[in-house]
There are 2 protein chains.
Amino acid sequence: MRLSTKGRYAVTAMLDLALNGADGPVTLAEISENQGISLSYLEQLFASLRAKELVRGVRGPGGGYYLGRNADDISIANIICAVDEWVEFTRCGGRKNCSGGERCLTHSLWDDLSSEIFDFLTKISLGDLIRRGEHKKADKAAHLSVVDDEGSRAA
Amino acid sequence: MRLSTKGRYAVTAMLDLALNGADGPVTLAEISENQGISLSYLEQLFASLRAKELVRGVRGPGGGYYLGRNADDISIANIICAVDEWVEFTRCGGRKNCSGGERCLTHSLWDDLSSEIFDFLTKISLGDLIRRGEHKKADKAAHLSVVDDEGSRAA
DNA sequence: CTTATTACCAAGTAAATTAGTAGGAAATGT
DNA sequence: ACATTTCCTACTAATTTACTTGGTAATAAG
């Protein structure tokens, strides 16, 4: 698993799409405007997303992008994998010191952790995120005294 | 949060340290050999780790590195944060379209997710990982017919 | 059927990050 | 004294990120 700014851009853009795509397709120009990402970079990202069928493009005036499937059926891992295509890394391919088995333990441990992070992100869908956002909004509307302390440890 | 190859190197090196550091300090030369990371790059990584007191260096012959504290008190997030120092990103600083509040929702959602990933990695310590590895090893020793299918979806 | 709008495509580039080199100085055990 | 090792700085090659430019293809609307 790999979590870079590129993946972050992709997730953010997909969120934008999920939030604003209810009534008609969303143009990359809009997303570019909303999220402050250059149009051409978005085009690149969406080429990858489209290849994995996470989005569907409609050309011509009034066109734009739809989600490729239901927001509940698109996981964060799906999105990140689409744009970030990770390197295979250290199945200890040919590395001399790993033959003994003992030395390979740390690599194995990293792989395990890595899978776990992957599973974690697989279980979170775009739909989940949006519903959480709605709850939060509702909470705020209910009692306005909520302290907005998020971002103090943004990650 | 940010999960790059740099963080991966750091975690792997720390695992190596935790596994082999029981009887005396471990030299960077050894880790370099074991993990296939250049010595100087390790030096850079360990400078960051030392700054956060995750490791403790001992100079001179027979020297090397110890963990800065107990393996159970070092989380994966600790390690990654030490070397990867993420960019603050999009507290929508000055971004024009975010003032309305509505537009900012996607950023807020990303921040939430990001915090969640951070929390997840905070709850996993070096000690946890190692104990899991030991269990696995024990399982394998017990019944050797275990299929090694990890890595098929390395992440 | 022309035109504006949009996705789609490809090549190139600037900036940032990653990973490694080189050449040391400062401790410290033998 | 000497070898070993951390520690430190500066430089560089390679890779990735983000953007730029300049298009082509589809299509809705006039």
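The basis for the numbers below is simple: all heavy atoms, side chains too, and nothing from hydrogens, waters or symmetry mates. The structure displayed is predicted, hence computed values, not measured ones. Lettering follows sequence order; numbering is per chain, from 1.
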**OP:** Kindly assign one of parallel, tilted or perpendicular to the pair B/Tyr65 and B/Phe46, based on the angle between their ring planes and the thresholds 30° and 60°.
**Re:** tilted

Subject >> Distance-only polar pair, side chains of B/Asp119 and B/Thr122, donor-acceptor under 3.5 Å >> reply: no

Subject >> Side chain of B/Ser40 - closest among C/dT17, C/dT21, D/dT17 >> reply: C/dT21

**OP:** For A/Glu33 and C/dT5, give me the distance from atom CD to atom C1', rounded to whole Å.
**Re:** 17 Å

**OP:** Nearest whole angstrom, please: distance from the P of D/dT20 to the CD1 of A/Ile37.
**Re:** 13 Å

Original post:
Please give, in whole Å, the distance from C/dG20 C1' to B/Leu28 CG?
Top reply: 15 Å

Subject >> Rounded distance (Å) that lies between atom P of D/dT16 and atom CD1 of A/Ile80 >> reply: 17 Å

Subject >> Same apolar cluster: B/Ile130 and A/Leu105, side chain cutoff 4.5 Å >> reply: yes

Subject >> DNA chain D contacts made by residues 44-62 of chain A, counting heavy atoms under 4.0 Å >> reply: A/Gln44, A/Arg59, A/Gly60, A/Pro61

Subject >> Taking every non-hydrogen atom, the tightest pair across A/Gly62 and A/Pro25 >> reply: O-CG, 3.3 Å

**OP:** Please report, rounded to the nearest Å, how far the P atom of C/dG20 is from the CG atom of B/Leu42.
**Re:** 9 Å

Subject >> Atom-to-atom span, CZ of B/Arg8 to P of C/dT17 - whole angstrom >> reply: 18 Å

Original post:
Mapping B/Glu43 and B/Val83 to their closest nucleotides on DNA chain C, which lands nearer the 5' end?
Top reply: B/Val83

Original post:
Taking atom types as modelled and ignoring hydrogens, do the side chains of A/Asp128 and A/Ser125 form a donor-acceptor contact shorter than 3.5 angstrom?
Top reply: yes

Original post:
Within a reach of under 6.0 Å around CD of A/Glu53, are more than 12 heavy atoms found that belong to other residues, nucleotides or ligands?
Top reply: no

Original post:
Yes or no on side-chain contact (heavy atoms from CB on, under 4.5 Å) for A/Leu28 and A/Glu43, after CA distance, side-chain angles and deciding distance?
Top reply: CA-CA 7 Å; A/Leu28 292 188; A/Glu43 285 180 345; 3.7 Å; yes

**OP:** Would you kindly give the OH-to-C1' distance between A/Tyr41 and C/dG12, to the nearest whole Å?
**Re:** 16 Å

Original post:
Can you check whether B/Tyr65 has a side-chain N or O nearer than 4.0 Å to OP1 or OP2 of D/dT5?
Top reply: no

Original post:
Tell me: CG of A/Leu39 to C1' of D/dT21, nearest whole Å?
Top reply: 12 Å

Original post:
C/dA7 phosphate, OP1 or OP2: any side-chain N/O from A/Thr27 under 4.0 angstrom?
Top reply: no

